[in-house]
Amino acid sequence: MSETDLVLRGNKNAAIILAMNELFGIPVQDAANIYFMSETAHLIEDKVADLHCRSDKYLATLVWEEHCEAQ
């Protein structure tokens with residue numbers, strides 16, 4: 001994986017985490033924990049169904065819904 005790919009991946013992850021913080025009012029650290037433990041994050045990482053191309057807010061909502069269903 002190239003350095004550019006790593007930077008883009010990191011930026012995408014950060015944007016999704018910040019979107020979760022804004023949309024759902026949860027602390028950034030909690031949003032990060034939820035995000036990195038989610039199946040959705042793994043699918044984004046693996047570029048399944050072009051999820052990495054979706055908007056940050058859309059992906060934040062998917063992760064949050066996954067988290068809420070697991071509770």
Side-chain angles (χ1 to χ4, degrees):
M1 180 171 293
S2 74
E3 188 174 323
T4 301
D5 289 336
L6 288 173
V7 170
L8 291 174
R9 181 185 338 160
N11 287 343
K12 186 67 169 180
N13 291 342
I16 294 166
I17 291 165
L18 289 176
M20 291 175 66
N21 167 259
E22 292 171 13
L23 291 170
F24 308 111
I26 58 175
V28 172
Q29 186 61 49
D30 291 345
N33 290 337
I34 292 167
Y35 176 73
F36 286 114
M37 296 298 291
S38 72
E39 180 63 29
T40 303
H42 296 290
L43 295 174
I44 294 167
E45 175 78 20
D46 294 338
K47 298 183 179 179
V48 172
D50 289 334
L51 283 175
H52 62 287
C53 296
R54 306 286 178 150
S55 78
D56 302 329
K57 289 183 178 181
Y58 173 80
L59 294 171
T61 301
L62 284 181
V63 171
W64 183 250
E65 288 173 354
E66 177 185 338
H67 171 72
C68 290
E69 288 176 7
Q71 297 301 313

(request) Measure the shortest side-chain to side-chain distance between Ile44 and Tyr35 over non-hydrogen atoms and say whether it is less than 4.5 angstrom. (result)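 Side chain of Ile44 against side chain of Tyr35, heavy atoms only: contact under 4.5 Å found.
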
Using 0.5 Å steps for rounding, measure from the [atom1] atom of [X] to the [atom2] atom of [Y].
{"X": "Lys12", "Y": "Arg54", "atom1": "NZ", "atom2": "CZ", "answer": "10.5 Å"}
{"X": "Glu65", "Y": "Ser38", "atom1": "CD", "atom2": "OG", "answer": "12.0 Å"}
{"X": "Asn13", "Y": "Ile17", "atom1": "CG", "atom2": "CD1", "answer": "6.0 Å"}
{"X": "His67", "Y": "Ile34", "atom1": "NE2", "atom2": "CD1", "answer": "4.0 Å"}

With the 4.5 Å side-chain cut-off for hydrophobic clustering, are [X] and [Y] part of the same group?
{"X": "Phe36", "Y": "Leu18", "value": "yes"}
{"X": "Leu59", "Y": "Leu8", "value": "no"}
{"X": "Val48", "Y": "Ile16", "value": "yes"}

Looking at every non-hydrogen atom in both residues, tell me the closest pair between [X] and [Y] and how far apart they are.
{"X": "Leu23", "Y": "Lys57", "answer": "CD1-O, 3.9 Å"}
{"X": "Ala60", "Y": "Met20", "answer": "CB-CG, 3.5 Å"}
{"X": "Ile26", "Y": "Trp64", "answer": "CD1-CZ3, 3.6 Å"}
{"X": "Ala15", "Y": "Asp56", "answer": "CB-OD2, 3.1 Å"}

(request) Any chance you could lay out the side-chain contact (heavy atoms from CB on, under 4.5 Å) test for Asp50 and His52, step after step, and finish with the verdict? (result) CA-CA 5 Å; Asp50 289 334; His52 62 287; 3.7 Å; yes

(request) Step by step, work out the side-chain contact (heavy atoms from CB on, under 4.5 Å) result for Leu51 and Leu62. (result) CA-CA 10 Å; Leu51 283 175; Leu62 284 181; 4.3 Å; yes

